[in-house]
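Nothing here was measured: the structure is a model prediction, and the numbers come from that model.
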Amino acid sequence: MPKVSFRLPDDEYERLHMLRGNRSISDYIRSVLSAQHKEAKTEIGEFQNLFRDVTMIRETLLKDLPNQHHLLALAEYLKDVMTIANPPAYANYRDKLQELFQRLKTSIASEG
């Protein structure tokens, strides 16, 4: 089995000893990493579902909303609502959301 090791300053090592409780340091670090990994996988999955939903909405709207101005306004509104609804989840994706919105505008312009 592969092994991972790293160095810590003395004060962080002492803090790790206090945090581990009655577990070994290895067990404690494994549990922390596992929890972080599960949380990250959940957030990534939720974000991927959101993008899938946005794509479905986009395709539906392209068929049903011929007015490009209204479609772009709706897309901007949805982007803002997502950002406001859960700022921590989208804080790291601001550039990606802007990129997706630009891609939507380009796609609409090329289809129109």
Side-chain angles (χ1 to χ4, degrees):
M1 182 181 304
K3 181 178 173 180
V4 175
S5 65
F6 56 93
R7 295 182 183 270
L8 293 173
D10 290 339
D11 59 328
E12 288 182 28
Y13 186 73
E14 290 301 319
R15 184 166 185 262
L16 190 59
H17 270 286
M18 289 188 306
L19 292 172
R20 72 181 172 97
N22 62 355
R23 295 179 287 180
S24 70
I25 289 179
S26 294
D27 285 343
Y28 174 73
I29 290 174
R30 273 193 292 276
S31 70
V32 169
L33 289 174
S34 176
Q36 291 296 317
H37 178 69
K38 287 177 186 173
E39 183 179 324
K41 280 177 58 177
T42 299
E43 287 181 11
I44 289 169
E46 289 171 358
F47 201 67
Q48 288 172 338
N49 288 339
L50 174 66
F51 281 138
R52 206 173 8 255
D53 291 347
V54 168
T55 299
M56 183 186 70
I57 290 169
R58 176 188 169 271
E59 291 170 0
T60 301
L61 291 175
L62 281 174
K63 288 185 268 180
D64 298 337
L65 272 181
N67 185 324
Q68 292 179 8
H69 174 73
H70 291 134
L71 179 61
L72 290 174
L74 178 60
E76 184 70 32
Y77 169 78
L78 290 172
K79 179 182 69 130
D80 291 343
V81 166
M82 290 184 320
T83 304
I84 291 168
N86 194 353
Y90 298 103
N92 295 329
Y93 297 102
R94 183 166 289 146
D95 292 340
K96 184 66 176 175
L97 288 170
Q98 190 61 34
E99 175 191 329
L100 290 170
F101 184 66
Q102 291 302 323
R103 221 182 319 163
L104 174 67
K105 286 178 17 179
T106 302
S107 177
I108 290 170
S110 67
E111 291 176 15

Around atom CG of Asp10, are there more than 12 heavy atoms from other residues, nucleotides or ligands closer than 6.0 Å? no
Do Ile29 and Val4 land in one hydrophobic cluster if side-chain heavy atoms of ILVMFWY residues count as linked below 4.5 Å?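 Hydrophobic grouping puts Ile29 apart from Val4.
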Mind checking the [atom1]-[atom2] spacing from [X] to [Y]? Nearest 0.5 Å is all I need.
X	Y	atom1	atom2	result
Thr42	His37	OG1	NE2	9.5 Å
Glu99	Gln102	CD	CD	9.5 Å
Tyr28	Leu16	OH	CG	6.5 Å
Glu39	Ser34	CD	OG	11.5 Å

Hey, are the side chains of Asp11 and Arg15 touching, using non-hydrogen atoms and a 4.5 Å cut-off?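 A side-chain contact under 4.5 Å is absent here.
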